Amino acid sequence: IRDRYQRRVHGVELVDREADLLNRGRKEGSLSGLRQRMSNLFLQFCETPEFNPEAINHQRVPLEFTTRPLVKLDNTKK
């Protein structure tokens, strides 16, 4: 839950940063990286079922399978 809260705060900070840079006279073309980060963060927000209940119907892998432990393979055997 803390990670989701931090993502929301980070999104607000990115929007504030864009507004500040535009108010200082920065050209819109130089903000493409910042806008890409904002787009990605917004997409993550839309994909979170807690905020968008319809997102659960469009996920390729069910949520219960994404929390499986990591299995390491031993590639040294021949």
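Just so it is clear, the structure is predicted and the values come from calculations on it, not from any experiment. Residues: numbered from 1 along the sequence shown.
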N23 side-chain N/O to A19 backbone N/O, donor-acceptor pair under 3.5 Å: yes
With sequence neighbours excluded, residues passing ring pair (Phe, Tyr, Trp, His ring centres under 6.0 Å) with F45: F51
Spacing of L31 atom CG and L14 atom CG [to the nearest 0.5 Å]: 11.5 Å
L22 reachable from M38 in the ILVMFWY side-chain graph, under 4.5 Å edges: yes
Exercise: identify the closest heavy-atom pair between A55 and C46: CB-O, 3.6 Å
Residue list, side chain to side chain donor-acceptor pair (under 3.5 Å) with S32, at least two apart or on another chain: none
All pairs passing salt bridge (charged side-chain N to carboxylate O under 4.0 Å, His left out) where residues 10-19 contributes a residue, at least two apart: E18-R35
Partner of S30 by side chain to side chain donor-acceptor pair (under 3.5 Å), out of R26, K27, E28: R26
